[in-house]
Amino acid sequence: MAMNHCLEAGGRHVEPSHFRLMIACAETCQTSANFMLMGSDLHKRTCAVCAEVCEECARSCEQVGDMQECVDACRRCAESCRKMAA
């Protein structure tokens with residue numbers, strides 16, 4: 001969404017704080033997935049952070065508007081990460 005929808009939409013979609021959060025969310029998700037794939041015992045910690053970042057990203061996307069698909073994906077990811085962090 002960040003690289004396609006937000007860059008194309010411009011305006012509030014590319015405000016630095018929102019755009020950085022979206023990139024941080026994607027990177028945190030990737031890092032958590034990598035930790036699980038390598039079998040790291042630290043994956044619970046990365047997943048806990050991922051859940052937090054995904055929730056924050058969902059709130060930001062909700063505030064920006066016209067991003068319901070992203071809001072829903074972030075909330076699903078946050079829920080999944082919370083389960084993996086438990």
Side-chain angles (χ1 to χ4, degrees):
M1 290 290 287
M3 293 301 166
N4 293 311
H5 177 76
C6 288
L7 284 177
E8 296 293 325
R12 293 181 66 199
H13 290 85
V14 291
E15 286 181 355
S17 62
H18 173 70
F19 200 79
R20 282 187 191 110
L21 181 56
M22 289 193 70
I23 300 305
C25 185
E27 289 294 329
T28 304
C29 290
Q30 184 65 61
T31 298
S32 293
N34 289 344
F35 271 57
M36 288 184 288
L37 286 170
M38 72 175 86
S40 173
D41 291 337
L42 297 173
H43 84 273
K44 289 184 177 189
R45 292 168 71 183
T46 61
C47 287
V49 170
C50 186
E52 184 179 333
V53 173
C54 286
E55 276 299 333
E56 191 173 331
C57 190
R59 284 191 295 274
S60 182
C61 290
E62 216 165 34
Q63 289 172 352
V64 167
D66 188 33
M67 297 190 68
Q68 192 58 47
E69 184 180 341
C70 192
V71 171
D72 295 342
C74 286
R75 293 225 164 101
R76 282 191 308 272
C77 186
E79 179 59 29
S80 177
C81 283
R82 275 191 289 276
K83 288 177 184 175
M84 289 182 276

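Everything quoted here is computed from the prediction, not taken from an experiment.
- What you find for Cys47 and Cys81 is that their closest heavy atoms are O-CB, 3.3 Å.
- In this structure, Glu8 places its CD atom where only 12 or fewer heavy-atom neighbours from other residues, nucleotides or ligands lie under 6.0 Å away.
- Remark: Glu69 pairs with no residue by the side chain to side chain donor-acceptor pair (under 3.5 Å) rule, at least two apart or across chains.
- Sequence neighbours left out, the pairs with a member in residues 21-38 that pass side chain to side chain donor-acceptor pair (under 3.5 Å) are Gln30-Asn34.
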Check residues 13-26 and write down every donor-acceptor pair under 3.5 Å in which the side-chain atom is one partner and the other belongs to a residue at least two apart or another chain.
from, atom 1, to, atom 2, distance (Å)
His13, ND1, Gly10, O, 3.4
His13, NE2, His5, NE2, 3.4
His13, NE2, Gly65, O, 3.3
His18, ND1, Ser60, OG, 2.6

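- Scanning for side chain to side chain contact (heavy atoms under 4.5 Å, CB included) contacts around Ser80 gives Met84, with sequence neighbours left out.
- Applying the salt bridge (Lys or Arg N to Asp or Glu O under 4.0 Å) definition to pairs two or more places apart or across chains, those involving residues 72-81 are Glu55-Arg75, Glu62-Arg75, Glu79-Arg82.
- Annotation for Arg12 and Gln63: closest pair NH2-O, 2.9 Å, computed over non-hydrogen atoms.
- Connectivity analysis of hydrophobic side chains (ILVMFWY, heavy atoms under 4.5 Å, direct or indirect) links Phe35 to Met38, Leu42.
- Pairs of residues two or more places apart, or lying in two chains, never qualify as salt bridge (Lys or Arg N to Asp or Glu O under 4.0 Å) while including a residue from residues 28-49.
- For the side-chain contact (heavy atoms from CB on, under 4.5 Å) criterion with Cys29, the lone passing option out of Cys77, Cys57, Cys74 is Cys77.
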